[in-house]
Each structure stands twice: as structure tokens, then as C-alpha cells.
There are 2 protein chains.
Amino acid sequence: MLNLENISKVYRTDTIETLALNTINMKIEKGEFLSIMGPSGCGKSTLLNIMGLIDEPSEGRVVVANQTVADYNSKATARFRNEHLGFIFQSFHLINDLSVLDNVELPLLYRKVSSKERRRLAEEALEQVGLHNRMRHFPSQLSGGQKQRVAIARAIVGRPEIILADEPTGNLDSVMGNEIMDILLRLNEQEGTTIVMVTHDERMAQRTHRLVRLFDGSQVQ
Amino acid sequence: MLNLENISKVYRTDTIETLALNTINMKIEKGEFLSIMGPSGCGKSTLLNIMGLIDEPSEGRVVVANQTVADYNSKATARFRNEHLGFIFQSFHLINDLSVLDNVELPLLYRKVSSKERRRLAEEALEQVGLHNRMRHFPSQLSGGQKQRVAIARAIVGRPEIILADEPTGNLDSVMGNEIMDILLRLNEQEGTTIVMVTHDERMAQRTHRLVRLFDGSQVQ
Ligand SMILES: Nc1ncnc2c1ncn2[C@@H]1O[C@H](COP(=O)(O)OP(=O)(O)OP(=O)(O)O)[C@@H](O)[C@H]1O
Ligand SMILES: Nc1ncnc2c1ncn2[C@@H]1O[C@H](COP(=O)(O)OP(=O)(O)OP(=O)(O)O)[C@@H](O)[C@H]1O
Ligand SMILES: [Mg+2]
Ligand SMILES: [Mg+2]
């Protein structure tokens, strides 16, 4: 479903060149639930951003649904992202000027969904993460873990085929973290959602199909 | 050293009133290392902000070094904060326009410290958190956990008497998380730094003197 072939990523600042990813080769099967672990700064978010077609590799190619991604800035790539991918960002990226409810409805604006139906689906996703009672709040009025849960609701509301989750439980207590894992596992088992999850939490990783470890931009063991 | 007497905090939005803290009474002794745990949204950050004189309670009083805090906006309170408190925020709050090094030097601008000495102390703090090689980076060029570590370096650089740490290891792998705990424990044991740490990680909490649990704004057991 998702093929990374010889992926490398270099970041350059005025003074330093960082090889964030070094010749990564990975296949992700449809319906798989994969974890990615590794030390802080080792390339996990960079890898997820490339899988999510948000960022372009310096070398190598990304093949999604048998098509090599040619132009990361094209409308076609943007449309593919909107229609097939759900992303939970490490720093949430909620829109501060929009209410919690409007934030969660966002992915559905790209669909042919009535505003009534959009509203219903968004409220349902907020119910799942325990935040229906905060739907009129604005992000600045939420706790850290509540922001994270809104980001999760936004990623699942459109039932995307692929969910890319960058440390989705980092700001949550273990009870809530396990509830989020239950939601993701349910999507994976019942709807066949392919999930790639970056986590620092060994216990969460153990609940998934496969674990990939990164170190200094390379896949290890 | 730090007394919270009958502290309550209410947040009001257009539609909802939240009792974030409900009659909290706590004493924090000089040199203590205290952990605070509890579910997402239960009031931990609010409690830490009130301890740090960043936020004002709706009811009750905060007594620091035997003085009741009267005016949270006064120069005197601001000066006290700068001179005695180090804060690690849950969302880091790094200055995006400043380099990593300049971010870490910030707390020292309030001291009578030469720019040469400021630079030396900042580089040393960055060494401790393993980020000396990123000192010319800007926050947008850092990974999530690297941002967290810069925030930690900034909080410890001035050797403040009290450190308030809001989930300082949430974005870090367990190895790095334990290294950060080692730094905090060393400050506590060798320099007598008083530390109040919010964490979701039971293992980190077990390494501290005392654990306080919050639930729905109240202290439990
Ligand atoms: N500015 C605000 N306006 C309205 N409600 C707020 C505001 N700030 C916080 N709250 C509410 O107060 C409660 C406590 O928030 P707080 O940030 O202290 O929780 P927390 O325990 O730190 O949570 P987390 O573990 O998720 O970081 C939350 O339910 C939150 O929605
Ligand atoms: N825009 C950028 N410019 C320069 N360097 C960057 C940039 N973005 C990331 N890096 C560097 O690339 C490396 C990998 O970053 P990445 O965010 O992928 O790490 P990570 O594994 O997600 O870390 P964490 O667990 O801390 O979130 C880091 O060392 C970081 O400093
Ligand atoms: Mg990351
Ligand atoms: Mg918090």
C-alpha cells in the first residue's frame, strides 16, 4: 500500500547539515498497524511526514497505491492526502481561531457531506475521545491532553484509509492513553484502517502488529 | 517555602463554567521534590501556573517565602518570578525568532551576569541536555523532544531556587527521559533546588520524594 524506496532526507541550516533519514526502505501493507520508536531526534517525525506526503525526501521515492509520487505540491497530491490520509501531529496544529467542533469538521469539508452530517460525525468523534462537552471551547481554553484528543478526533472523523499518528498519547495519562489505543485498534480491526504510529511508549507499541526502530536516521535490528 | 491556602480556580467561556481547582491546600517545603499526577484535564497545569505566580487563583491565597502574593501583575511579583523560579512549560513556549542559544540565555538577562558568563552558562545547560550541537538552530528546526530539552535547559540555566516542570519528559524516549530526571535529581540533591513536577509517567514520579494526585480539580488520597 505504501512503499518507501531508498528514502533519505537532509536538512541544512547555515552551519549544520543533518542527515535526518538515511536510505530507508519500508513496505507498509494495507490494514497493518505499525509502530515506530527511537530516541529523540532520530528521524521519526520526518519519516511520518514523508509517508504523509507532507514533506519531500531528498532522495528516493514514495509509492502510494502503486503510484510513485511525482509532485508533492500538485493539486492531485493534496487531494490524495485529503481523501485518504488522517494525520495526528506531534504538536497538534489545531486552528486557534476555530472552535473545537469546527476544527474536527475540517477534514470533512473536502467531502460531499452535508453540514448536518458533518456536524453529526464531528460530534461523534468528539464523543469517542471524551470531549463532546468541550466542543464550543477554543484551543487556547484546553489542557494539553485535551488539545491532543481534539487532534485525534480530527484525524479519525473522516474514517481515512491511512492514519499517521505522531506520538498520539504523549500528553495523556495511561488510562486515557489506553482508551485512545482502543479507538485506533478498533479502526484497524473493524474498518481495516492502516495505521503508522510513532510512540515513546513501549506498552502502546506492544499492542500493534509490528515495531520498527530508528536510530540516527537509519532502521535498526 | 510555598503555601497554597484554599486555592480555587474557575474558568468561564460563553457556555461553560469549569471549576479547574477546588479548594486546594498544599505546603511545599524547601528542597522538596514533589510529583503531581492525574487524568488529562484535571487541573495540573492550572495548579502549576498558580504556584509559579503566572496565573491568579479565583479564591484563596499563595504564600511564598512567608509573603502572601497580593498583586500578580506587579513589578515585584515579576522580579520575584525571574529571580527565584524556573518554569518548564507543557508546550515549551520557546521564542521562535531566537536561536536555541539565545532562548536559553533569556533568564540570565535579568541577572547581573556578563554576556561572556551568560554564554558560558547557556552552553553548559545545553551540554547537559545533549543539545550543544544545536545551539545555532531555531526552534522550527528542532524535533519535538529537542524543543522540550531546550525548554529544560532554559529553566535550569539560572540555577533557580524553585523549578516548576510541566510534563518535562512527555516527548522524550525513556533513556533521555531518565537523563532529564537525573539532571533534576542532581539539582535537588546537590543544590537544594525545590522541584514540583507534573508527570503522566509513574516511573518518573517514583523517583521523587512525594506524590500528589489530582482528580477533577481536587486532591485525592
Ligand atoms: N483558558 C481556559 N478557559 C477555559 N477552560 C480552561 C482554560 N484553561 C484550562 N481550562 C480547563 O480547565 C481544566 C484544567 O486544565 P489544565 O490545563 O490544568 O489540565 P491538566 O491537568 O494540565 O491536563 P493535561 O494533563 O491534559 O495537560 C480543563 O478541563 C480545561 O478545559
Ligand atoms: N527544519 C529543520 N531544519 C533543520 N534540522 C531539522 C529540521 N527538522 C528536523 N531537523 C533535525 O532532523 C532530526 C530529526 O528530526 P525529527 O523531528 O524527525 O526527530 P524525531 O525522531 O521526531 O524526534 P522527537 O522524538 O524528539 O520528536 C533532528 O535532529 C532535528 O534537529
Ligand atoms: Mg517527533
Ligand atoms: Mg497540563
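Order of the sequence lines sets the chain letters (A, B, ...), proteins ahead of strands, with each chain counted from 1.
- A pairwise comparison of heavy atoms in B:Asn171 and A:Glu167 identifies OD1-OE1, 3.8 Å as the closest pair.
- Per-residue counts of heavy-atom pairs under 4.5 Å with chain A were compared for B:His137, B:Met176, B:Gln146; the largest is that of B:His137.
- If you tally non-hydrogen atom pairs under 4.5 Å between each of A:Ser174, A:Ser45, A:Gly41 and chain B, the highest count goes to A:Gly41.
- B:Asp173 places no side-chain N or O within 3.5 Å of a backbone atom of A:His200 that could act as its donor or acceptor partner.
- Heavy-atom neighbours of A:Asp97 CG from other residues, nucleotides or ligands within 6.0 Å: at or below the threshold of 12.
- Heavy atoms closer than 4.5 Å to chain B are found in the side chain of A:Ser143, but not in its backbone.
- Here the straight-line distance linking atom CG of A:Leu142 with atom OH of B:Tyr11 works out to 11.5 Å at 0.5 Å rounding.
- Interface check for chain A: of the options B:Ile16, B:Leu172, B:Thr199, B:Thr46, the most heavy-atom pairs under 4.5 Å are formed by B:Leu172.
- For chain A, the option among B:Lys147, B:Arg149, B:Gln148 with the highest count of heavy-atom pairs below 4.5 Å is B:Arg149.
- Residues of residues 86-93 of chain A placed with any heavy atom under 4.5 Å of a heavy atom in chain B are listed by number as A:Gln90.
- The distance from the CZ atom of B:Arg136 to the CG atom of A:Asp14 is 10.0 Å, given to the nearest 0.5 Å.
- Top candidate by heavy-atom pairs under 4.5 Å with chain B, chosen from A:Gly43, A:Gly145, A:Gly38, A:Gly177, is A:Gly145.
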Solution key, residues 18-28 of chain B side-chain donor-acceptor pairs under 3.5 Å, sequence neighbours excluded:
from: B:Thr18; atom 1: OG1; to: A:Arg134; atom 2: NH2; distance (Å): 3.4
from: B:Asn25; atom 1: OD1; to: B:Asn6; atom 2: N; distance (Å): 2.8
from: B:Asn25; atom 1: ND2; to: B:Asn6; atom 2: OD1; distance (Å): 3.1

